[in-house]
K.L.:
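Quick one: the structure is below, questions incoming.
Sequence lines set the chain letters: A, B, ... in the order given, protein chains first and strands last, and positions in each chain run from 1. Quick caveat, the model's predicted, so the values are computed rather than measured. Just the heavy atoms: all of them, side chains too, but no hydrogens, waters or symmetry mates, feed the values below.
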Number of protein chains: 2
Amino acid sequence: MVTLQQLVYFLAVAETRHFTRAAERARVAQPSLSKQIHGLESELGAPLFTRARGNIALTPAGEALLPVAKRILSDVDTARQEVAELVGLRRGRIRLGATPSLCVGVLADALRMFHDRYPGIELVVEEGGSRDLTAALLGGDLDLALVIVPPQGVDPALTSTPVLGEHLVVASSPDLDLPESFPLAVLRDYPMVMFRRGYDLRETTLQACRAAGFEPRFAVEGGEMDAVLRFVEAGLGVALVPSLVLPGRRGLRATSLRAPGIRRKVALAHRTDVPPTAAARAFRSVLFEHLDAWVAADAVPVGVELTPETPAVRAQSWT
Amino acid sequence: MVTLQQLVYFLAVAETRHFTRAAERARVAQPSLSKQIHGLESELGAPLFTRARGNIALTPAGEALLPVAKRILSDVDTARQEVAELVGLRRGRIRLGATPSLCVGVLADALRMFHDRYPGIELVVEEGGSRDLTAALLGGDLDLALVIVPPQGVDPALTSTPVLGEHLVVASSPDLDLPESFPLAVLRDYPMVMFRRGYDLRETTLQACRAAGFEPRFAVEGGEMDAVLRFVEAGLGVALVPSLVLPGRRGLRATSLRAPGIRRKVALAHRTDVPPTAAARAFRSVLFEHLDAWVAADAVPVGVELTPETPAVRAQSWT
DNA sequence: ACGCGAGGATAGCCTGAACCTATCGAGACG
DNA sequence: CGTCTCGATAGGTTCAGGCTATCCTCGCGT
């Protein structure tokens, strides 16, 4: 077996044209180097140097080996370098999934912070319903996803860390004359704008209405988050949406539900059987740092509950 | 230190996505392979595989390493291959020097035989005076040279093997009315055509004339072999030349000198401190084979004496 | 000519690395 | 809930690569 050690020594001799000095350079005793060179020569079946007193020179075989040996060793360096860059977060990629409610507020800031800190890491964000994201995680198409935790918990093949809880509010056009706050059952009398299948919100809304004793009427259905909000703005109907999506939407009015209201838990999930990459771990840190900053600045948006998880709980399965 | 062994194992796992099967493929026990992979991972500072049951996959670091590792291993193969081709005489180069007298006859045939047998080996022939060739050998510009052995022997830094002895004859124009055979002293009365400095023949001729008691007159001087012969053809004078250069020259007449005549020894020389390459050794064999064939076929040209060296003597310093 | 110094090769020893077998332990599956 | 699969771990053995000491050859200076 040819070894990299042999090639290193070979190169040292080829460049110094001197066994003793090559040995010094390679931080090794001269006999060790001699022995390795001999080993390489017998392995390749040809002498690599002519050992004339004070005039070591490469044989044709040595000449042929020299450029290849150089390339091999430089490739080894490259390999080491590349991996180091990934580990050092100077390079890499995170494929992150998120529900639309989070993309709007939390995520934009967190991504901004992350990108400032680790500019070499490529960020790929997939926006979608929670079910879709879960499937993408399991299929290996995402590294991380911010998903809604359904009542029965996330898929057993996923590990999730709670991130925050959000309240659902009723979005409506300001033209609509709704009370300040009301129980869900009031919506019985209003047509609704409903999300397409795949959105966790669709199921949540339907179940909540049924629990309140009525079957909702749909004015429109099938849209993504943005479309739904525009339809509501246009007065087509009302919708149950996370409060986080409303700030900045002048054309919409948010009405909270009377207690207990409806809450959803958002968690950061990843596959249990694939340990998160260094980049994913870094993103997690930045995300929680950002949320902690909200708490510290007393700037937690209305309708959001930060789960007061201890760092220990957060670190679960993330070491 | 990263080792090639580790890369081989890494590649086996990356391709089989299975430690146990990779170990079988690498002809090694599974724990040995596992350990090596761990060693590589700790060396590079990052895990290379995600060990999910029945679903081994590359981490980003592994993905980054894969192409480089492939290239490194393929380069090692290339290196081995290249050296093997040189050793196997499928590739290579011989830089051979020869005096003009030998280029004409012996060498052409020998080169032809050699090229037929080893078509991959590049042949570079330098024609020149014996002194020039010796200098080129010492300077490392030639691998081998067929040179004239001067009375005091070749340069001590060179090793030479006797090849043949050749007689010098007097070349003259057929118009010139010379006796069948005569002592050198007869030339006292004829103007001579003389080689340029650097030709061993120049010194040899001068010394021979002086030994015979006269200083030769030059009709022309300074030419290479071919020019000298043409001048002689043109009747400008006579010249002492190796008999080997005359066959095929219709316009010239060769007159041998009365005993003892003048003999020169031709030898194959190479630097003592640089062992001949495989290609050079092969050439030597072909050359002597060719000369032996002359003897066997009783086709030794007139004026040539083959030295009946035993193979043992020939092999001196050539192992 | 002879001694000396330089420099690569050789000898002999020692440590650590790589291999082996045996076994553990955790997820998958009937 | 046993059983199977498959990677990790443990412990022992061998050998490769390193070291020091020494040799051998050649060139060089006296």
Side-chain angles (χ1 to χ4, degrees), chain A residues 1-44 47-59 62 138 155-159 271-275 317, chain B residues 1-10 12-44 47-59 62 138 155-159 271-275 317 319:
Chain A
M1 185 65 165
V2 174
T3 69
L4 290 174
Q5 195 70 271
Q6 290 171 335
L7 296 183
V8 169
Y9 292 169
F10 166 74
L11 214 64
V13 176
E15 284 173 2
T16 59
R17 305 176 90 74
H18 201 286
F19 276 65
T20 304
R21 280 198 282 281
E24 279 166 17
R25 193 169 109 173
R27 314 291 187 126
V28 84
Q30 168 262 317
S32 307
L33 181 138
S34 273
K35 204 166 152 190
Q36 290 287 54
I37 297 287
H38 273 109
L40 182 56
E41 287 178 326
S42 79
E43 173 72 33
L44 295 178
L48 299 169
F49 297 104
T50 62
R51 276 97 158 158
R53 303 282 143 192
N55 184 22
I56 304 285
L58 289 162
T59 61
L138 291 172
D155 189 294
L158 299 182
T159 300
R271 274 174 69 178
T272 306
D273 60 359
V274 178
S317 90
Chain B
M1 185 63 164
V2 175
T3 70
L4 290 173
Q5 193 72 272
Q6 289 171 336
L7 296 182
V8 169
Y9 291 170
F10 166 75
V13 176
E15 285 173 2
T16 58
R17 305 174 87 75
H18 202 285
F19 276 65
T20 304
R21 280 199 283 282
E24 278 166 18
R25 192 168 110 174
R27 313 293 188 125
V28 83
Q30 169 262 316
S32 307
L33 181 139
S34 273
K35 203 169 160 191
Q36 291 286 56
I37 297 287
H38 272 110
L40 182 56
E41 287 178 327
S42 78
E43 173 73 32
L44 295 178
L48 299 169
F49 298 104
T50 62
R51 275 93 159 165
R53 303 285 141 191
N55 184 23
I56 304 285
L58 289 163
T59 61
L138 292 173
D155 188 294
L158 299 182
T159 302
R271 274 174 70 176
T272 306
D273 60 0
V274 179
S317 89
T319 44

K.L.:
Got a sec, which residues hit side-chain contact (heavy atoms from CB on, under 4.5 Å) with B/T50, two or more places apart in sequence or on another chain?
P.N.:
A/V274, A/P275, B/A57, B/T59
K.L.:
Chain B on DNA chain D: first and last contacting nucleotide, 5' to 3', under 4.0 Å to a heavy atom?
P.N.:
D/dC6 to D/dT9
K.L.:
Any base atoms under 4.0 Å from A/F49, or only sugar-phosphate, or nothing? Heavy atoms, all strands.
P.N.:
nothing
K.L.:
Walking along DNA chain C from 5' to 3', note the first and the last nucleotide with an atom under 4.0 Å from a heavy atom of chain B, and give both.
P.N.:
C/dA18 to C/dG27
K.L.:
Would you give the length of the straight line joining atom CD1 of A/I56 to atom CG of A/L48, rounded to the nearest 0.5 angstrom?
P.N.:
12.0 Å
K.L.:
Listed by chain and number, what are the salt bridge (charged side-chain N to carboxylate O under 4.0 Å, His left out) partners of B/E43, not counting sequence neighbours?
P.N.:
A/R80
K.L.:
Rounded to the nearest 0.5 Å, what separation is found between the CG atom of A/D155 and the OG1 atom of A/T272?
P.N.:
8.5 Å
K.L.:
Got a sec, which residues hit side-chain hydrogen bond (donor to acceptor under 3.5 Å, both in side chains) with B/Q6, two or more places apart in sequence or on another chain?
P.N.:
none
K.L.:
State which residues pass salt bridge (charged side-chain N to carboxylate O under 4.0 Å, His left out) with A/E24; sequence neighbours excluded, sorted by chain then number.
P.N.:
none
K.L.:
Hey, mind stepping through A/Y9 and A/L40 against side-chain contact (heavy atoms from CB on, under 4.5 Å) and telling me if it holds?
P.N.:
CA-CA 10 Å; A/Y9 292 169; A/L40 182 56; over 6 Å; no
K.L.:
Looking at residues at least two apart in the chain, or sitting in another chain, which of them share a ring pair (Phe, Tyr, Trp, His ring centres under 6.0 Å) with A/F10?
P.N.:
A/F49
K.L.:
Could you tell me whether A/Q30 contacts a base, only the sugar-phosphate backbone, or nothing, with contacts defined as non-hydrogen atoms closer than 4.0 Å?
P.N.:
base
K.L.:
So, do A/V13 and A/H18 sit near enough that their side-chain heavy atoms are less than 4.5 Å apart?
P.N.:
no
K.L.:
Got a list of side-chain donor-acceptor pairs under 3.5 Å for residues 30-39 of chain A, not counting sequence neighbours?
P.N.:
unit_1, atom_1, unit_2, atom_2, d
A/Q30, NE2, A/S34, OG, 3.3
A/H38, ND1, A/S34, O, 3.1

K.L.:
Using a heavy-atom cut-off of 4.0 Å across all strands, would you classify B/S32 as base, sugar-phosphate, or nothing?
P.N.:
base
K.L.:
Quick one, which residues of residues 16-27 of chain A touch DNA chain C with a heavy atom under 4.0 Å?
P.N.:
A/H18, A/F19, A/T20
